[in-house]
Amino acid sequence: MMAVTNVYCVGRNYKKHAEELGNDVPQEPMIFLKPSHAVCALDGGTVELPKSSGEIHYETELVLRIGRAYTPGVTVDEIVASVALGIDFTLRDVQSEIKAKGHPWTAAKGFKNSAPLTEESKFPGIEALKDVWFSMTKNGETVQRGNIGSMIFDLQTLIDHIGERYGLDEGDLIYTGTPEGVGPTVSGDVLELFWNDEKRGGCTVG
Ligand code: ZN
């Protein structure tokens, strides 16, 4: 896996997912960060997750790898080098607690191994991506299925928003948000990620 620099994540970028958690649909992209140590490989091995911090949810997401510095006017096809599928693991009980207190999300979203990632492949371009359905199975059953056509903020809007406010450069990752169907996972679950019908990676939850 290439070295990771910044790990940006987008919250509530699919309407049905915002609604399933009882959240308002945002008026502008909602961005949070994870430490680079959150990233690990979905290469069929075990991904160790926290054991005693309440419920852990999976969120299946399309992940973009940035290939060059952001400059105003740059297009998605020009700035994105590769694409992968990832999971934004979330300690949901911890998140509810810190949301209520108004604390930052790091404890709920930034723990070690909270952003595992499949192998990357060359970015096929926005047009080709419209025909891709990404999905995840848990113990063989499909639990989430998404397509960029259902995003509230499209990839160009996300790139411009993040690039202008926070900066984007080679090596940065963007987890672009999860479609509906998030749910709990426990030790021993087998999670597998698919790009249309092609398996792209997976793990056993440790
Ligand atoms: Zn997410």
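These numbers come from a predicted model, not from an experiment. Every number for a ligand or one of its atoms is a count from 1 in the order of the listing.
- Looking at E59 and the Zn ion (ligand 1) together, the shortest N, O or S contact belongs to OE1.
- Summary: OD2 is the N/O/S atom of D88 found nearest to the Zn ion (ligand 1).
- E61 contributes atom OE2 as its closest N/O/S atom to the Zn ion (ligand 1).
- Within a 6.0 Å sphere centred on NZ of K99, other residues, nucleotides and ligands contribute more than 12 heavy atoms.
- Grouping the Ile, Leu, Val, Met, Phe, Trp and Tyr side chains by contacts below 4.5 angstrom, directly or via other members, places V10 with Y166.
- Note on I79 and V83: same hydrophobic cluster, where clusters join Ile, Leu, Val, Met, Phe, Trp and Tyr whose side-chain heavy atoms are under 4.5 Å apart, directly or indirectly.
- The ring of F32 has its center closer than 6.0 angstrom to the ring center of W105.
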